[in-house]
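Please read these numbers as outputs of a predicted model, since none were measured by experiment. Basis for what follows: all heavy atoms, side chains included, without hydrogens, waters or symmetry-related copies.
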There are 2 protein chains.
Amino acid sequence: MRKKKPSERKTNKLDQSLIVHAAIDIIQEEGIDKLTMRRLAQKLNIKGASLYWHVQDKNELLSLAAEEICQRIQFPDERLPWEEQLLEFGRRCRNTYLQIRNSVHVLVATPPITPYRMHLIHKINRLFELAGFKKEDVFSAGWMLNNYICSFILDEYRLADMESDVGVPDLEREFYFGIDVLIKGFRYKLQEGRTKL
Amino acid sequence: MRKKKPSERKTNKLDQSLIVHAAIDIIQEEGIDKLTMRRLAQKLNIKGASLYWHVQDKNELLSLAAEEICQRIQFPDERLPWEEQLLEFGRRCRNTYLQIRNSVHVLVATPPITPYRMHLIHKINRLFELAGFKKEDVFSAGWMLNNYICSFILDEYRLADMESDVGVPDLEREFYFGIDVLIKGFRYKLQEGRTKL
DNA sequence: ACCTGAACACCGTTCAAGT
DNA sequence: ACCTGAACACCGTTCAAGT
């Protein structure tokens with residue numbers, strides 16, 4: 001995307017937002033493999049090559065989509081105890097990731113360097129800092145949490161497809177089991193750090 | 001792959017193993033994106049189309065590679081306490097995943113339905129059963145462990161690339177921090193289950 | 001039994017040319 | 001300012017044809 005003069009920016013923003021939403025729709029309904037520049041253009045009644053006026057390349061498109069998806073995740077009330085914030089954050093992530101089917105595929109395919117995604121990371125880090133984690137562990141803990149949530153939901157997409165097998169577990173229960181394992185593990189680490197002092 | 005008479009099997013097995021090893025070499029040295037049927041054929045001094053005599057399609061090739069990779073992971077001594085088995089298992093996974101660079105990309109791209117991979121899953125499940133986990137939690141715990149290890153190593157590949165930033169953390173330490181969080185979280189769940197009885 | 005050339009139906013991306 | 005047709009350099013895969 002070339003830079004725009006302020007006067008152009010509004011319509012352009014609308015165009016980009018339109019494109020991004022169309023892309024998310026395709027991902028949601030047909031899966032990420034089906035999101036091709038030509039298919040997306042078709043949905044917008046233009047030709048594939050035209051997209052490159054609005055967007056630098058497919059990577060930028062995916063990054064915009066990822067940012068859009070994350071913006072639906074509100075960070076919980078920071079006055080709650082950190083355990084409850086974590087639980088609530090997990091719940092909210094899962095909600096939007098399930099609401100926008102296959103959205104996690106977009107997140108793992110793009111680097112978390114867009115504004116709102118970085119904001120969420122910052123909030124999580126602050127949560128662990130305030131909880132009392134050592135500097136080095138703050139990063140690890142946030143990383144673990146994000147990886148747990150994303151990889152769980154990715155598997156949840158797959159398992160939800162094949163409901164044929166009776167052996168499909170209660171995925172909601174499984175999810176919170178894992179969140180709780182993390183919380184209890186983190187709490188242990190916190191106490192371990194304290195008793196050392 | 002069509003079925004082979006026993007007399008043919010030996011040479012064929014060798015061919016397939018040759019192909020799979022060449023594929024792993026490409027993944028290791030050039031990344032999984034560079035593994036194309038044509039590039040692989042080139043490395044074997046044949047043409048792309050020829051590969052389809054030895055292998056059904058690219059998916060089968062990746063599954064064979066995944067199985068090959070997993071066979072390098074030995075399950076630890078089962079007489080150790082379950083915490084130590086888990087720690088050792090994590091260490092061994094990380095070793096082979098780092099030794100064969102980008103191997104985790106192969107694992108996450110293929111379903112874990114080949115013999116040795118299922119064997120490893122079975123071993124992990126048995127570990128959690130013997131440790132005293134409830135039936136439903138055995139599955140969740142093994143799942144968490146695998147997802148943690150894989151997503152960590154995937155990020156480790158990326159971070160190890162950009163050593164430019166001084167901010168790259170001590171990845172070995174980070175890894176065992178996470179394993180320990182899981183172990184301590186699991187232990188809590190175990191006690192929780194016991195006190196309820 | 002094993003390999004090949006040529007083709008098919010796709011990709012992402014570029015770019016001169018249109019309006 | 002925005003869109004297009006045509007092309008480029010790729011994919012995975014198939015298949016008749018060679019040896």
Side-chain angles (χ1 to χ4, degrees), chain A residues 1-24 26-27 29-66 102 105-106 109-111, chain B residues 1-24 26-27 29-66 102 105-106 109-111:
Chain A
M1 272 287 301
R2 316 186 210 13
K3 284 181 195 166
K4 292 286 132 59
K5 282 178 275 178
S7 61
E8 306 170 39
R9 210 167 263 161
K10 198 189 163 198
T11 48
N12 173 48
K13 267 272 175 190
L14 269 178
D15 279 337
Q16 248 198 14
S17 154
L18 233 162
I19 291 171
V20 169
H21 279 97
I24 291 176
I26 292 174
I27 290 162
E29 289 158 20
E30 310 173 29
I32 199 159
D33 297 338
K34 294 295 164 58
L35 177 68
T36 69
M37 297 307 265
R38 287 172 175 89
R39 172 83 188 86
L40 175 58
Q42 184 196 356
K43 190 149 196 159
L44 295 162
N45 292 317
I46 55 176
K47 301 298 170 184
S50 312
L51 286 169
Y52 289 84
W53 195 91
H54 300 278
V55 122
Q56 210 175 30
D57 54 21
K58 198 180 177 181
N59 281 333
E60 199 200 28
L61 176 69
L62 287 175
S63 280
L64 290 168
N102 299 315
H105 290 104
V106 183
T110 51
Chain B
M1 273 292 299
R2 318 188 209 15
K3 284 182 194 165
K4 293 284 130 58
K5 280 177 275 176
S7 60
E8 306 170 38
R9 208 167 263 162
K10 198 188 163 198
T11 49
N12 173 48
K13 267 271 176 189
L14 269 179
D15 280 335
Q16 247 198 14
S17 154
L18 233 163
I19 292 172
V20 169
H21 280 96
I24 291 175
I26 292 174
I27 291 162
E29 289 157 21
E30 311 173 29
I32 199 159
D33 297 338
K34 295 294 165 55
L35 177 68
T36 68
M37 297 307 267
R38 286 173 175 88
R39 171 81 189 85
L40 175 58
Q42 185 196 354
K43 190 148 195 159
L44 295 163
N45 293 316
I46 54 175
K47 302 296 168 185
S50 312
L51 285 170
Y52 289 84
W53 195 90
H54 300 278
V55 122
Q56 208 173 32
D57 53 22
K58 198 180 178 181
N59 280 333
E60 199 201 26
L61 176 69
L62 287 174
S63 279
L64 290 168
N102 299 314
H105 290 104
V106 182
T110 50

Length of the line joining [X]:[atom1] and [N]:[atom2], which is rounded to integer Å:
X: B:Leu51; N: D:dT13; atom1: CG; atom2: P; answer: 11 Å
X: A:Trp53; N: C:dG18; atom1: CH2; atom2: P; answer: 20 Å
X: A:Gln56; N: C:dG12; atom1: CD; atom2: P; answer: 16 Å
X: B:Leu18; N: C:dC3; atom1: CG; atom2: P; answer: 11 Å
X: A:Ile32; N: C:dC11; atom1: CD1; atom2: C1'; answer: 15 Å
X: B:Gln42; N: C:dT4; atom1: CD; atom2: P; answer: 13 Å
X: A:Asp57; N: C:dC11; atom1: CG; atom2: C1'; answer: 14 Å
X: B:Glu30; N: D:dC10; atom1: CD; atom2: P; answer: 14 Å

Under 3.5 Å for both donor-acceptor distances, Watson-Crick or wobble: does C:dG18 have a partner, and if so which one?
D:dC2
Partner nucleotide of C:dT13 by Watson-Crick or wobble geometry (both distances under 3.5 Å):
D:dA7
Output yes when A:Glu29 and A:Lys34 qualify as a salt bridge under the 4.0 Å nitrogen-oxygen rule, no when they do not.
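No.
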Give the intermediate values and the outcome of side-chain contact (heavy atoms from CB on, under 4.5 Å) for residues B:Arg38 and B:Lys47.
CA-CA 7 Å; B:Arg38 286 173 175 88; B:Lys47 302 296 168 185; over 6 Å; no
How long is the span from the OG atom in A:Ser50 to the CD1 atom in A:Ile19, to the nearest 0.5 Å?
9.5 Å
Taking atom CG of B:Leu51 and atom CD of B:Gln16, what is their separation to the nearest 0.5 Å?
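It comes to 11.0 Å.
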Measuring from the side chain of [X] (C-beta onward, heavy atoms only), which nucleotide among [options] has the closest atom?
X: A:Ala49; options: C:dT4, C:dC15, D:dT13; value: C:dC15
X: B:Ile46; options: C:dG5, D:dA1, C:dC3; value: C:dC3
X: B:Tyr52; options: D:dC3, D:dG12, C:dG12; value: D:dG12
X: A:Lys58; options: C:dC2, C:dG12, D:dC11; value: C:dG12

Any non-hydrogen side-chain atom of A:Leu62 less than 4.5 Å from a side-chain atom of A:Leu35?
yes
Under 4.0 Å, heavy atoms only, any strand: does B:Thr36 hit a base, just the sugar-phosphate, or nothing?
sugar-phosphate
For A:Leu35, answer base if it contacts any base atom (sugar-phosphate contacts may also be present), sugar-phosphate if it contacts only those atoms, and nothing otherwise; contact means non-hydrogen atoms under 4.0 Å.
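Sugar-phosphate contact only.
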Identify, between A:Lys34 and A:Ser50, the residue whose nearest nucleotide on DNA chain C lies closer to the 5' end.
A:Lys34
Below the 4.0 Å mark, does C:dC3 have OP1 or OP2 next to a side-chain nitrogen or oxygen of B:His54?
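Yes, because at least one side-chain N or O of B:His54 sits under 4.0 Å from OP1 or OP2 of C:dC3.
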On DNA chain D, does the nearest nucleotide to A:Arg38 precede the nearest nucleotide to A:Gly48 from the 5' side, or the other way round? Give the residue.
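It is A:Gly48, whose closest nucleotide lies nearer the 5' terminus.
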